[in-house]
Amino acid sequence: MARTIIEWIQRRHDLNTSKLIHILPSGGWENTLSLHSDILDSELLGFGKSVISVLDGDIEEDYKSKYKDRGKMKALNVSFLPIPSIEKFLLDKLIINLDLKFFRHFGDSFFKKKSLDQVVSEFNRTNKGKSDGKALFNSLVQEATSVNRVEEEFVTMVSNYIVETEDTERLALRLKNALK
């Protein structure tokens with residue numbers, strides 16, 4: 001999902017004009033930071049190249065307390081998505097702090113065989129009231145992809161909704177600065 005959001009920001013702000021940009025999903029946030037550090041230390045990309053790590057929004061405080069505030073990995077250019085994670089975003093919008101506008105739009109966009117109401121009700125019944133974003137995400141993907149959709153299309157459409165409704169300016173500014 002981060003890749004889709006970053007690509008969207010690049011297009012919207014014309015950040016990829018006359019530039020070679022590669023987006024590399026690399027796993028968990030600490031592994032991403034370690035890879036970022038190794039790339040810089042080894043000068044793997046050569047002179048004049050930029051690297052920026054874009055992490056889920058929900059780990060910003062963990063990053064600050066574990067690394068930034070302690071002066072570790074201070075050479076890294078790190079930014080954060082405008083949402084905690086896709087799983088937590090969907091859990092919040094569909095269950096915890098129900099956003100009816102989003103619920104309707106999301107349901108109309110993805111659920112043709114079974115309504116979103118049914119999918120969420122089954123999830124709640126199966127999980128006995130436990131708030132588990134990953135389990136909800138898997139339930140949503142399973143149902144949405146049962147009608148000739150693939151998971152990548154599902155994530156792309158959710159990402160498009162996120163960038164249309166959430167504030168991406170802070171991330172866009174970091175990307176602009178990294179690409180100068």
Side-chain angles (χ1 to χ4, degrees), residues 1-94 96-97 99 102 106 131-138 140-141 150-180:
M1 183 199 62
R3 175 192 298 235
T4 305
I5 291 173
I6 292 166
E7 288 171 345
W8 186 91
I9 290 170
Q10 286 176 330
R11 284 190 304 275
R12 174 180 248 185
H13 296 275
D14 292 323
L15 300 178
N16 50 359
T17 304
S18 299
K19 292 180 180 73
L20 295 175
I21 298 171
H22 182 74
I23 300 169
L24 177 67
S26 57
W29 72 274
E30 289 187 283
N31 289 337
T32 298
L33 295 177
S34 179
L35 177 62
H36 187 158
S37 182
D38 289 348
I39 289 170
L40 292 179
D41 291 345
S42 69
E43 298 177 3
L44 178 67
L45 300 177
F47 181 73
K49 304 297 188 274
S50 296
V51 178
I52 182 171
S53 290
V54 179
L55 308 173
D56 285 344
D58 63 343
I59 58 90
E60 186 169 2
E61 292 305 315
D62 290 340
Y63 164 74
K64 285 179 181 175
S65 66
K66 196 168 183 178
Y67 295 103
K68 188 175 181 185
D69 293 347
R70 294 180 178 189
K72 296 179 182 178
M73 298 193 184
K74 61 184 172 189
L76 303 186
N77 188 356
V78 178
S79 192
F80 300 90
L81 293 174
I83 62 166
S85 68
I86 190 170
E87 298 89 356
K88 290 177 182 175
F89 175 81
L90 291 171
L91 182 66
D92 183 61
K93 294 283 189 182
L94 300 176
I96 296 172
N97 296 305
D99 179 336
F102 175 75
F106 187 69
S131 296
D132 182 353
K134 289 191 187 305
L136 174 63
F137 180 77
N138 290 335
L140 295 170
V141 168
V150 294
E151 184 174 349
E152 185 176 326
E153 179 185 5
F154 176 81
V155 170
T156 298
M157 291 177 77
V158 173
S159 298
N160 287 339
Y161 181 83
I162 290 167
V163 294
E164 290 169 3
T165 61
E166 301 297 312
D167 182 10
T168 60
E169 290 308 309
R170 180 175 153 206
L171 177 56
L173 181 61
R174 289 298 294 260
L175 291 172
K176 283 179 193 177
N177 291 335
L179 296 171
K180 280 185 181 178

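The first residue in the sequence is number 1, and the count goes up from there.
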Q | Qualifying residues under side chain to side chain contact (heavy atoms under 4.5 Å, CB included), relative to Leu44, sequence neighbours excluded | A | Ile39, Ser42
Q) Among all residues two or more places apart in sequence or in another chain, which pass the side chain to side chain donor-acceptor pair (under 3.5 Å) test with Lys68? A) none
(Q) Main chain of Gly27, side chain of Asn31: is a donor-acceptor contact present, judged purely on distance under 3.5 Å? (A) no
Q) Side chains of Phe80 and Leu171: closer than 4.5 Å at any heavy-atom pair? A) no
Q: Report the residues that fulfil side chain to side chain contact (heavy atoms under 4.5 Å, CB included) with Thr165, sequence neighbours left out, ordered by chain and then residue number.
A: Tyr161
Q.
Can a donor-acceptor pair be found, under 3.5 Å and without considering hydrogens, that links the side chain of Ser37 to the backbone of Leu33?
A. no
(Q) Enumerate the ring-ring contact (aromatic ring centres under 6.0 Å, His included) contacts for residues 6-25, please, sequence neighbours excluded, ordered by first and then second residue. (A) none
Q. Do Ser79 and Ile52 have side-chain heavy atoms sitting under 4.5 Å apart?
A. yes
Q. Would you say Tyr67 and Val78 make side-chain contact, with heavy atoms under 4.5 Å?
A. no
Expected list for residues 86-93: side-chain donor-acceptor pairs under 3.5 angstrom, two or more places apart:
from: Glu87; atom 1: OE1; to: Ser85; atom 2: OG; distance (Å): 3.3
from: Lys88; atom 1: NZ; to: Asp58; atom 2: OD2; distance (Å): 2.5
from: Asp92; atom 1: OD1; to: Asn97; atom 2: ND2; distance (Å): 2.5
from: Lys93; atom 1: NZ; to: Asp99; atom 2: OD2; distance (Å): 3.3

Q. NZ of Lys66 to CH2 of Trp29: how many Å apart, nearest 0.5 Å?
A. 5.5 Å
Q | For Leu173, side chain to side chain contact (heavy atoms under 4.5 Å, CB included) partners two or more places apart | A | Asn177
Q) Does anything in residues 33-56 pair up under salt bridge (charged side-chain N to carboxylate O under 4.0 Å, His left out), and if so which pairs, sequence neighbours excluded? A) none
Q: Could you tell me which residues satisfy salt bridge (Lys or Arg N to Asp or Glu O under 4.0 Å) with Arg12, sequence neighbours excluded, listed by chain and number?
A: none
Q. Who passes salt bridge (Lys or Arg N to Asp or Glu O under 4.0 Å) against Glu169, sequence neighbours left out?
A. none
Q: Report yes if the side chains of Val51 and Asn77 come closer than 4.5 Å at any heavy-atom pair, otherwise no.
A: no
(Q) Test of understanding: with side chain to side chain donor-acceptor pair (under 3.5 Å), list the residues that count as partners of Asp132, not counting sequence neighbours. (A) none
Q: Could I get the full list of side chain to side chain contact (heavy atoms under 4.5 Å, CB included) partners for Glu7, not counting sequence neighbours?
A: Arg3, Gln10, Arg11, Ile23
Q: Identify, with sequence neighbours excluded, every residue that meets side chain to side chain donor-acceptor pair (under 3.5 Å) alongside Thr32.
A: Ser26
(Q) When you measure from the side chain of Thr156 to the backbone of Glu152, do you find a donor-acceptor pair of N or O atoms at a distance under 3.5 Å? (A) yes
